[in-house]
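The shown structure was predicted, so the numbers you read here are calculated from the model rather than taken from an experiment. Numbered from 1 within each chain, the chains take letters A, B, ... in sequence-line order.
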Amino acid sequence: MNIVVLVKQVPDSGSERKLDPADNTVARAGADNVINEMDEYAIEEALVVKEAHGGEVTILTVGPDSAADAIRKALSMGADRAVHVTDEAMHGSCAVQTSAVLAAALQQMDYDLILCGAESTDGQVSVMPALLAERLGIPQLSGARKLTIDDGVAKVERQTDGGFWALEAPLPAIVSTWDTINEPRYPSFKGIMAAKKKPVETKTLADLGIDPSTVGLASATSQVLDFSGRPPKGEGVKVADEGDGADKLVEYLASQKIV
Amino acid sequence: MLDYRLDEETEALRKTVREFSLDVIAPRIGEYYERDEFPTDIVRQMGELGLFGLPFPEEYGGAGGDYFHLCVALEELARVDSSVAITLEAGVSLGAMPIFRFGTEEQKREWLPRLCAGEALGAFGLTEPGGGSDAGATRTTARLEDGHWVINGSKAFITNSGTELTALVTVTAVTGTRPDGGKEISAILVPAGTPGLTVGQRYSKVGWNASDTRELSFSDVRVPEENLVGERGRGYAQFLSILDEGRVAISALAVGLAQGCVDESVKYAAQREAFGQPIGRNQAVQFMIADMEVRASTARLAYYRAAEKMLRGEPFKREAAIAKLYSSECAVDNARAATQVHGGYGFMNEFPVGRFYRDAKILEIGEGTSEVQRMLIARDLGVG
């Protein structure tokens, strides 16, 4: 089974993140860049599927040269090889444009299963699986908290607020994963050493037959017009307990849709 | 040429161990520590990460790294907790290393894969209740009888000797008299559970409370003659030859503790407010933290220097002693300063610095006291 995992490098959501005021894009230079958290679960799931069914796990990343760090970590976790699409012209691309690049790269690859995180912590557009399913003409099983592969069919439990949907689709298919699906492994030192020797193929837009003018900030389908910092934390709500404190707390939590 | 930057793989290892320490160890170790309990599941996960196999070749189940990789891992673990760090240090340096260095091919094949995987832990029984690491004072005896060693005696302060994972203890014992009349001391491998081997209760310790330290007693313990580790009569000499590298490892562990003190103090100084501002605005606090960082980073250079000479195969006895002495004293100083920065909360067990304070002192004692290190340095300089 050939499994492709879509991996994006993003600024660490645990540290301060910024937009570049020059063109309102995510400031990647100078940020602490890591593998998008949800993608680590997709990598782990790919390794689990490979361990059960055999095959090869390929990492596919679109991003600047520095994204090589994310690729290396994915390889040290146990993926077999990687394809890195990198081209200056892609800076500021929107999700629709990026999906065209990913689809072109995927069409040059053999895949039975495509895995990706259900969202990225930088853009949080969360439409990549749907866009790719459309472009590649394959089924999409999104937001999986469980995946089983059985006789050429992918079965997932699609996580929702109220429970889950049981879905299935014939392979090849694209499956996006939530962080409930598994516990990603840490790279072992053996894995770190082995990652050095694994093949990483670098491709440009020209290699994929994509006209550079169709991607990048200038022709993006969406534009960030303005942004501002997060407002400082408010005072919060004080509940005075006059014998009905518990009721008031429940009322507040319910009004915030927390319970 | 001078270059103390970590290479790409070592840096990736450091980051992985850092992430593991923050995600897996930090949230739970305090409870184990309070309960004086060995964190078997955390140690198992350290095994899965391959930490116990770091300096051993792949043919024995190791990771194919070197002793410096182990040191970097120890530093990152100890930055969060010393009990798990010393469990790894002892598991590798005292449990597996004697077998790797001096064992027969069969002993290596039998024991190393499980020890490298962290599925089994080895212990080393040198110290005895009657004396520290004074070889001449060894009272435990082993006599050959029908192709078996029969061991009698007792051992004290033995790390990793009574955990669920403990699979063996290598003990030093008097096996005869040398031609010069001195005691002939040999090392013998005793599998856990061998009849006659009694594992004592855990010691109640001031620090390192989540690590396993026990007294062992041997009463007519019989193991096959082939369980001799290395040469007969070389038991103590073999131990001495791995002592210097152990000092570098302990130094790395001390640097981790010293750095952990900086981490916690920086965090606390920013969040704790007094008289309307974070306490970090006070120069007295700033200076304490600056001095802590100076100690941690210079101590790190000291152990890097010792490790560098060790890996090059050059004599490094003096550098190992300098690193061990300096970093352990830095660890104690930083623990004291970090506790001071934390004020009353530094005296509470819920903050990591309280644990650091208790864990620091042993670093000036174990693996050769500070006085022993000073003696070694002076002797190496030709003084006295």
Peer 1: So among A:D12, A:D65, A:D122, A:D20, which one has a salt bridge (Lys or Arg N to Asp or Glu O under 4.0 Å) with A:R28?
Peer 2: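 Result: among A:D12, A:D65, A:D122, A:D20, A:D122 is the only option passing the salt bridge (Lys or Arg N to Asp or Glu O under 4.0 Å) with A:R28.
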Peer 1: Considering heavy atoms only, which positions within residues 9-26 of chain B lie below 4.5 Å of chain A?
Peer 2: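 When heavy atoms of chain A are the reference, residues 9-26 of chain B contributes B:E9, B:A12, B:L13, B:T16, B:E19, B:F20, B:D23, B:V24 within the under-4.5 Å range.
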Peer 1: Is A:E51 paired with A:R185 through a side-chain N to carboxylate O contact shorter than 4.0 Å?
Peer 2: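 A salt bridge is present here (some side-chain N lies under 4.0 Å from a carboxylate O).
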Peer 1: Let me confirm one number: the CD1-CE distance from B:I242 to B:M97, rounded to the nearest 0.5 Å.
Peer 2: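 It comes to 7.5 Å.
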Peer 1: Working to the nearest 0.5 Å, report the span between OG1 of A:T61 and CD1 of A:I35.
Peer 2: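 Answer rounded to 0.5 Å: 8.0 Å.
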Peer 1: To the nearest 0.5 angstrom, please state how far the CG atom of B:L51 sits from the CD atom of B:Q45.
Peer 2: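 Separation between the atoms: 11.0 Å.
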Peer 1: About how many Å separate CE of A:M38 and CD1 of A:I181, when rounded to the nearest 0.5 Å?
Peer 2: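 If we round to the nearest 0.5 Å, A:I181:CD1 and A:M38:CE are 11.0 Å apart.
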Peer 1: With chain A as the partner chain, list the residues of residues 60-89 of chain B whose heavy atoms fall under 4.5 Å from it, by residue number, and write 'none' if nothing qualifies.
Peer 2: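 Residues B:G61, B:G62, B:A63, B:G64, B:G65, B:H69 are the ones that qualify, each having a heavy atom under 4.5 Å from chain A.
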Peer 1: Around atom NZ of A:K248, are there more than 12 heavy atoms of other residues, nucleotides or ligands at under 6.0 Å?
Peer 2: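 Count over threshold, so yes.
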Peer 1: Apply side chain to side chain contact (heavy atoms under 4.5 Å, CB included) to residues A:F189 and B:L49 and explain how you reach the verdict.
Peer 2: CA-CA 7 Å; A:F189 186 67; B:L49 204 53; over 6 Å; no
Peer 1: Any ion pair linking B:D41 and B:R44 (charged N to carboxylate O, less than 4.0 Å)?
Peer 2: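 Salt bridge: no.
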Peer 1: Working to the nearest 0.5 angstrom, can you tell me the gap between A:L19 CG and A:F227 CZ?
Peer 2: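 The CG atom of A:L19 sits 5.0 Å away from the CZ atom of A:F227.
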Peer 1: Tell me, yes or no, whether the heavy-atom count around B:K309 atom NZ, taken from other residues, nucleotides or ligands under 6.0 Å, exceeds 12.
Peer 2: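 Yes, the 6.0 Å shell around NZ holds more than 12 heavy atoms from other groups.
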Peer 1: For a quick check under 3.5 Å, do A:S13 and A:E37 share a side-chain donor-acceptor pair by atom type?
Peer 2: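 No, no side-chain donor-acceptor contact under 3.5 Å.
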Peer 1: Kindly indicate whether a cation-pi arrangement holds for A:K146 with A:F164, taking the cut-offs as under 6.0 Å to the six-membered ring centre and within 45° of the axis.
Peer 2: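 So A:K146 doesn't make the cation-pi contact.
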Peer 1: Got a donor-acceptor contact below 3.5 angstrom from the A:S176 side chain to the A:G143 backbone?
Peer 2: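 Such a contact is found between A:S176 side chain and A:G143 backbone.
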Peer 1: Using a heavy-atom distance cut-off of less than 4.5 Å, which residues of residues 67-89 of chain A contact chain B?
Peer 2: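 If one takes a 4.5 Å heavy-atom cut-off, the residues of residues 67-89 of chain A near chain B are A:R72, A:K73.
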Peer 1: Are the side chains of A:I149 and A:L113 in contact, using a 4.5 Å heavy-atom criterion?
Peer 2: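 Yes - at least one pair of side-chain heavy atoms lies under 4.5 Å apart.
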Peer 1: Should we say atom CD of B:E164 is surrounded by more than 12 heavy atoms from elsewhere, each under 6.0 Å from it?
Peer 2: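 For B:E164, atom CD is not crowded (no more than 12 foreign heavy atoms under 6.0 Å).
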Peer 1: Where along residues 257-276 of chain B does a heavy atom come under 4.5 Å of chain A, listed by residue number?
Peer 2: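 Contacts with chain A: none.
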